[in-house]
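Scroll down for the structure; my scribbles are underneath it.
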Amino acid sequence: MSALTFRAAAAADVPALVELVQSAYRGDRSRAGWTTEADLLDGQRTDPAMVAEAITAEDSVVLIAQAGDGVVACCQLERRDGYAYFGMFAVDPSRQRGGFGAALLAEAERHARAEWDAAEVRMTVIVQREELIAWYERHGYTRTGEVTPFPYGDERFGVPRRPDLAFETLVKKVA
């Protein structure tokens, strides 16, 4: 793995971040990596307005991992009551399995703890994504059994290819 640097995203990063997130989860390009949701969902994973809002919202930061001058991974953290919510996690499909995701996840946990004094990091993962859930478990996250429905009918999050999608909350103590 080449040397990584981390920084907070700025408005100028929006187009590159939309492309990165889309490429990691949707369409044929996503199939180059193992995080694809192309068999579960069609349509978009995010759009410029959603990414711009994540960058500018109070109590939110979008972290970028760079190798050289290229963006290889990103995630969003939202400061909530006593914890940080982790989302919008994407790694360039051609660089997955290279340790970039694990490095960014560790940086996000460090940020949540050091910058926001968060006691834990929480996230939601589509329950059908067993391989991804197992990856998070190997990085210290625990399944909570708390399941919430997928937002069917809200195409901002994609067009479901099956009727049984749902999210499970995972949590990790970081304090």
Side-chain angles (χ1 to χ4, degrees), residues 1-48 50-52 54-55 60-78 84-116 118 120-143 157-158 167-174:
M1 178 172 72
S2 51
L4 280 183
T5 57
F6 302 103
R7 66 177 176 84
D13 296 309
V14 168
L17 294 176
V18 170
E19 170 61 25
L20 174 64
V21 173
Q22 284 296 116
S23 73
Y25 291 98
R26 300 287 197 276
D28 287 336
R29 184 165 174 226
S30 71
R31 293 182 191 281
W34 67 274
T35 61
T36 185
E37 294 173 345
D39 294 328
L40 301 174
L41 296 152
D42 291 320
Q44 72 177 32
R45 173 72 187 253
T46 194
D47 61 34
M50 293 166 72
V51 173
I55 290 171
S60 175
V61 63
V62 175
L63 298 175
I64 290 176
Q66 288 187 251
D69 63 353
V71 174
V72 296
C74 70
C75 69
Q76 178 190 13
L77 285 174
E78 294 177 23
Y85 181 82
F86 177 84
M88 203 172 73
F89 187 37
V91 178
D92 179 326
S94 67
R95 297 187 181 211
Q96 291 178 11
R97 300 192 192 274
F100 297 110
L104 181 57
L105 180 61
E107 174 63 14
E109 293 165 357
R110 185 211 61 78
H111 183 95
R113 182 179 54 253
E115 304 298 325
W116 294 344
E120 61 187 29
V121 174
R122 296 182 193 173
M123 67 180 71
T124 57
V125 180
I126 295 175
V127 297
Q128 288 81 3
R129 302 289 320 279
E130 289 293 334
E131 185 179 7
L132 182 59
I133 291 170
W135 185 86
Y136 284 121
E137 288 177 317
R138 289 191 301 275
H139 288 85
Y141 285 81
T142 304
R143 298 177 83 155
F157 302 103
F167 295 102
E168 183 173 356
T169 300
L170 280 65
V171 64
K172 180 180 180 178
K173 301 287 184 200
V174 295

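These numbers come from the heavy atoms of this one structure, side chains and all, not from hydrogens, waters or symmetry mates.
In this pair, Y136 and F86 present their aromatic rings perpendicular. The plane angle is above 60°, beyond the 30 to 60° band.
Contacts of F157 classified as ring pair (Phe, Tyr, Trp, His ring centres under 6.0 Å), with partners at least two apart in sequence or in another chain: none. Every residue meeting the salt bridge (charged side-chain N to carboxylate O under 4.0 Å, His left out) condition with E120, not counting sequence neighbours, appears here in chain and number order: R122, K173. A search for side-chain contact (heavy atoms from CB on, under 4.5 Å) contacts involving A106 returns nothing, not counting sequence neighbours. Under the side-chain hydrogen bond (donor to acceptor under 3.5 Å, both in side chains) criterion, S94 pairs with D92, sequence neighbours left out. Partners of A65 by side-chain contact (heavy atoms from CB on, under 4.5 Å), not counting sequence neighbours, listed by chain and number: L4, F6, V72, A73, L104. Contacts of A118 classified as side-chain contact (heavy atoms from CB on, under 4.5 Å), with partners at least two apart in sequence or in another chain: A84, A112. Not counting sequence neighbours, the partners of R97 by the salt bridge (charged side-chain N to carboxylate O under 4.0 Å, His left out) test are E131. Qualifying side-chain contact (heavy atoms from CB on, under 4.5 Å) partners for D42, counting only residues two or more places apart in sequence or in other chains: V159, R161. Applying the ring pair (Phe, Tyr, Trp, His ring centres under 6.0 Å) test to Y85 and every residue at least two apart in sequence or in another chain returns nothing. Remark: E37 pairs with R26, R45, R129 by the salt bridge (charged side-chain N to carboxylate O under 4.0 Å, His left out) rule, at least two apart or across chains. Applying the side-chain hydrogen bond (donor to acceptor under 3.5 Å, both in side chains) rule to S60 yields the partners Q76; only residues at least two apart in sequence or on another chain are considered.
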I126 and L40: CA distance, side-chain angles, deciding distance, side chain to side chain contact (heavy atoms under 4.5 Å, CB included) verdict
CA-CA 9 Å; I126 295 175; L40 301 174; 4.2 Å; yes
With side chain to side chain contact (heavy atoms under 4.5 Å, CB included) as the criterion, how do V125 and E168 come out once you've worked through the C-alpha distance, each side chain's angles and the decisive distance to 0.1 Å?
CA-CA 5 Å; V125 180; E168 183 173 356; 5.9 Å; no
Begin with the C-alpha distance, continue with both residues' side-chain angles, and end with the deciding distance and a verdict on side chain to side chain contact (heavy atoms under 4.5 Å, CB included) for V62 and V51.
CA-CA 9 Å; V62 175; V51 173; 5.6 Å; no
Output, in order, the C-alpha distance, side-chain angles, deciding distance and verdict of side chain to side chain contact (heavy atoms under 4.5 Å, CB included) for E115 and R110.
CA-CA 8 Å; E115 304 298 325; R110 185 211 61 78; 4.0 Å; yes
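Listed for the Q96 side chain is a donor-acceptor partner under 3.5 Å among the backbone atoms of V91. Judged by distance alone, with hydrogens and angles left aside, the side-chain atoms of Q22 form a donor-acceptor pair with the main-chain N or O of T46 at under 3.5 Å.
For the pair A8 and V61, the tightest heavy-atom approach, listed with the atom from each and the gap, is CB-CG2, 3.9 Å. Scanning both residues, A12 and P15, for their nearest heavy atoms gives O-CD, 3.7 Å. Listed here is the closest heavy atom pair of L17 and A9: CD1-CB, 3.8 Å.
Distance NE2/H139 to CG/L170: 13.0 Å, rounded to 0.5 Å. Note that SG of C74 is 7.0 Å distant from CD1 of I64, once rounded to the nearest 0.5 Å. Note that CE of M50 is 6.5 Å distant from CD of Q44, once rounded to the nearest 0.5 Å. One finds the CD atom of E107 at 10.0 Å from the OG1 atom of T5 (value rounded to the nearest 0.5 Å).
The side-chain contact (heavy atoms from CB on, under 4.5 Å) with K172 is formed by just one residue from the set E109, E137, M123; it is E109.
The shortest side-chain heavy-atom distance between T169 and Y141 does not fall under the 4.5 Å cut-off. In this structure, L105 and W135 have side chains that are in contact, with non-hydrogen atoms separated by less than 4.5 Å.
For residues 9-24, the pairs satisfying salt bridge (Lys or Arg N to Asp or Glu O under 4.0 Å) are R7-D13, E19-R29, with sequence neighbours left out.
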